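Everything on this sheet refers to the single structure shown next.
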Number of protein chains: 2
Amino acid sequence: MTDAPLVTILDDEPAIRAMLSDALEEAGFRTMGFSRATEFEAALKSTTPDVCLVDLSLPDRDGLSLVHRLALEQGASVIIISGRAQVQDRVTGLELGADDYIIKPFDPAEVVARIRARLRKPGPSLQTSDTARFNGWTAHFDRYVLTDNTGLETPFSHAEGEVLRMFLERPKRLVSRTMMQESLGGAAGQSFDRAMDVRISRLRTKLREDPRNPRLIKTIYGAGYIFLGDVTWS
Amino acid sequence: MTDAPLVTILDDEPAIRAMLSDALEEAGFRTMGFSRATEFEAALKSTTPDVCLVDLSLPDRDGLSLVHRLALEQGASVIIISGRAQVQDRVTGLELGADDYIIKPFDPAEVVARIRARLRKPGPSLQTSDTARFNGWTAHFDRYVLTDNTGLETPFSHAEGEVLRMFLERPKRLVSRTMMQESLGGAAGQSFDRAMDVRISRLRTKLREDPRNPRLIKTIYGAGYIFLGDVTWS
DNA sequence: CCAGAATCTAACGAATTGTAACACTCGATG
DNA sequence: CATCGAGTGTTACAATTCGTTAGATTCTGG
């Protein structure tokens with residue numbers, strides 16, 4: 001999806017840039033991060049972002065004047081992200097041309113929602129590439145269907161899909177039990193361990209694994225599982 | 001000053017209405033205040049506000065569904081003013097079409113600044129067209145008709161259209177059950193949950209979905225629905 | 001080979017979702 | 001005013017999903 005909206009992030013703290021770009025890319029946006037205003041301005045000559053996130057406390061320049069220039073010259077939406085929480089700060093920020101003003105600390109989900117509100121487009125889809133091929137099978141995560149090499153379709157549920165995706169994203173590597181639990185969002189505990197097993201068992205059935213000799217999902221006793229398969233995402 | 005921007009205020013607390021209209025008129029806007037959603041809707045027939053301030057906790061109606069309708073049908077900017085401060089509330093509010101979300105207690109100066117920010121960018125908040133194409137189907141929302149790829153027409157009702165539109169505006173993204181309820185204006189509760197299901201069931205029938213293996217409207221157990229279809233509005 | 005731990009999986013059941021059938025509302029119509 | 005029919009929420013029950021339980025099975029160290 002090359003026409004996903006482009007969001008630039010201008011903030012001097014790498015941790016915040018990372019958090020934002022993670023959340024935004026997860027939500028389907030393209031992102032570019034900058035730590036300094038000068039770099040950002042240089043990049044503006046060759047690209048036109050759809051939304052600009054700007055932190056006001058920049059080392060090399062006053063953020064507000066930058067916002068002002070941005071709003072005036074580029075047509076882009078400008079969203080200020082700032083630790084300055086006073087009403088007066090917000091008012092002047094908005095008066096200078098910002099379209100929105102978000103206060104640190106913020107929740108990435110709200111940032112995504114506010115960006116979408118600016119773009120007011122249905123928003124890009126969560127899934128970018130959502131089919132994977134492996135050993136004769138094709139997993140269509142968008143349709144929740146597994147396809148045989150003969151073309152026979154087997155539907156799988158959401159929970160099964162979570163497990164399958166987890167494996168396909170880590171082929172031929174050990175997936176520890178605890179890692180699974182975390183990724184599947186289950187509260188750790190005796191009973192959830194069994195739930196995991198059951199999910200895997202059901203997935204194995206759909207993949208027509210031989211219980212005595214599984215070829216795709218191997219159990220490593222005492223450690224976890226390992227998915228053996230030549231995975232190609234497309 | 002007849003062409004000063006018109007701001008409507010919908011809030012059941014007279015004190016807040018007074019404070020807002022004072023500040024807004026001071027800032028040069030025209031204002032109209034309403035205490036109930038029904039009055040407000042009646043007034044909409046004769047006037048078109050530039051910005052609508054809406055309190056979510058209304059006595060006679062769920063505010064969110066009103067926001068949804070407003071953003072959709074009128075082209076006006078909608079700013080939610082609410083006491084509900086959870087991130088999740090803000091996210092759903094914005095997802096449902098609000099352009100901004102202000103938390104009580106607020107400073108009137110900030111409200112003014114945010115209104116100005118909205119007016120500056122005549123946001124493309126309005127869905128200009130009323131026809132969408134997806135996977136061989138064409139939905140004519142103006143005529144309440146679904147057209148087959150063979151040209152066969154199937155009428156759909158208003159309630160079905162609400163659900164369909166909600167999906168077509170968020171293709172390939174999870175639509176949570178609560179978001180639906182709020183957009184469709186049902187008071188949350190055991191029984192309305194069923195009403196949702198029934199609407200979707202009826203819509204599925206019209207889309208000739210295979211109950212065992214729906215291709216367009218997928219159910220995500222415990223989470224909501226996801227519409228898989230390549231949507232083009234025109 | 002044995003004991004104990006880890007894993008597998010059939011079966012059950014609670015929660016969620018699907019849908020047919022019914023009931024109510026509201027306009028249109030005779 | 002009675003009737004009809006479309007639209008839609010409600011109810012009741014069926015179907016599905018998925019975690020839990022419990023007993024069987026497999027693995028490992030000794």
Side-chain angles (χ1 to χ4, degrees), chain A residues 144-146 154-164 166 174-178 180-181 184-227, chain B residues 61-62 65 143-146 154-167 174-181 183-227:
Chain A
Y144 290 86
V145 157
L146 265 170
T154 310
F156 58 84
S157 75
H158 183 67
E160 285 155 2
E162 279 188 318
V163 177
L164 180 57
M166 150 143 259
L174 178 74
V175 179
S176 78
R177 253 180 136 75
T178 54
M180 280 200 159
Q181 284 187 173
L184 304 190
Q190 156 72 12
S191 70
F192 190 73
D193 247 25
R194 313 286 89 238
M196 283 281 343
D197 295 346
V198 175
R199 283 197 191 188
I200 289 173
S201 169
R202 284 172 180 152
L203 185 57
R204 277 179 169 149
T205 306
K206 300 215 168 164
L207 288 171
R208 305 194 205 118
E209 292 270 77
D210 174 11
R212 298 311 193 83
N213 184 24
R215 302 183 170 278
L216 290 170
I217 304 176
K218 280 265 193 196
T219 303
I220 311 295
Y221 187 93
Y225 299 90
I226 189 166
F227 184 85
Chain B
R61 186 136 154 23
D62 176 38
S65 70
R143 294 193 295 132
Y144 287 85
V145 157
L146 265 170
T154 310
F156 59 84
S157 72
H158 180 69
E160 285 154 4
E162 279 189 317
V163 177
L164 180 57
R165 165 167 252 140
M166 163 137 240
F167 281 133
L174 179 74
V175 179
S176 78
R177 246 179 141 75
T178 55
M179 186 184 296
M180 277 201 160
Q181 281 187 176
S183 121
L184 304 188
Q190 159 71 10
S191 72
F192 191 74
D193 248 26
R194 314 292 67 243
M196 283 276 346
D197 295 345
V198 174
R199 285 195 188 189
I200 288 174
S201 170
R202 285 171 180 153
L203 184 57
R204 276 180 170 149
T205 305
K206 301 216 167 163
L207 289 171
R208 304 193 205 119
E209 292 270 75
D210 172 11
R212 296 310 194 86
N213 186 24
R215 297 179 174 279
L216 289 171
I217 304 176
K218 283 276 186 186
T219 304
I220 311 295
Y221 185 94
Y225 299 90
I226 188 167
F227 184 85

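Below, chain A is the first sequence line, B the second, and so on; all start at residue 1. Note that this is a predicted model, so its numbers are computed, not measured.
For A:Met196 and C:dT9, the CE to P distance is 13 Å, given to the nearest whole Å. In this structure, CD of B:Gln181 is placed 12 Å from P of C:dT16, rounded to the nearest angstrom. Spacing between atom NZ of A:Lys218 and atom C1' of C:dT7 amounts to 15 Å, rounded to whole angstrom units. One can place OH of A:Tyr144 at 15 Å from C1' of D:dT16, the figure rounded to the nearest angstrom. Note: CG (A:Asp193) to C1' (D:dA22) measures 16 Å, nearest angstrom. Between the CD1 atom of A:Ile200 and the C1' atom of D:dT20 there is a distance of 16 Å, rounded to whole Å.
At least one side-chain nitrogen or oxygen of A:Ser201 sits closer than 4.0 Å to the OP1 or OP2 atom of C:dT9. Distances shown here put a side-chain N or O of A:Arg212 below 4.0 Å from the OP1 or OP2 atom of D:dT26.
The listed nucleotides are C:dA21, C:dC8, D:dT17; the one nearest the side chain of B:Arg202 is C:dA21. Distances were taken from every side-chain heavy atom of A:Arg177 (C-beta onward) to each of C:dT9, D:dG7, C:dT7; the shortest belongs to C:dT7. With C:dG18, C:dA21, C:dC8 as the candidates, the nucleotide lying closest to the side chain of B:Arg204 is C:dG18. The nucleotide whose nearest atom lies closest to any side-chain atom of B:Arg194 is, among D:dT17, D:dA22, C:dT17, C:dT17.
Residue A:Tyr225 is in sugar-phosphate contact alone, with no base atom involved, counting any heavy-atom pair closer than 4.0 Å across all strands shown. Within 4.0 Å of A:Arg199, counting heavy atoms only, lie sugar-phosphate atoms of the nucleic acid but no base atom.
Ranked by how close their nearest DNA chain D nucleotide is to the 5' end, B:Ser157 and A:His158 are led by B:Ser157. For the pair B:Tyr221 and A:Thr205, both in contact range of DNA chain C, the more 5′-proximal nearest nucleotide belongs to A:Thr205. Annotation: of the two residues near DNA chain C, B:Thr219 and A:Thr219, the 5′-most nearest-nucleotide partner is A:Thr219.
A salt bridge links B:Asp197 with B:Arg177: the distance from a Lys NZ or Arg NE/NH1/NH2 to an Asp or Glu carboxylate oxygen falls below 4.0 Å.
Atom CZ of B:Arg143 has more than 12 heavy atoms from other residues, nucleotides or ligands within 6.0 Å.
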Inset, instruction - Test A:Leu203 against A:Glu209 for side chain to side chain contact (heavy atoms under 4.5 Å, CB included), laying out the working first. - result: CA-CA 9 Å; A:Leu203 185 57; A:Glu209 292 270 77; over 6 Å; no
Inset, instruction - Go through the steps for A:Ile200 and A:Thr219 under the test side chain to side chain contact (heavy atoms under 4.5 Å, CB included), then give the verdict. - result: CA-CA 10 Å; A:Ile200 289 173; A:Thr219 303; over 6 Å; no
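Of the residues A:Lys206, A:Arg199, A:Arg202, the one that meets the salt bridge (charged side-chain N to carboxylate O under 4.0 Å, His left out) test with A:Glu160 is A:Lys206.
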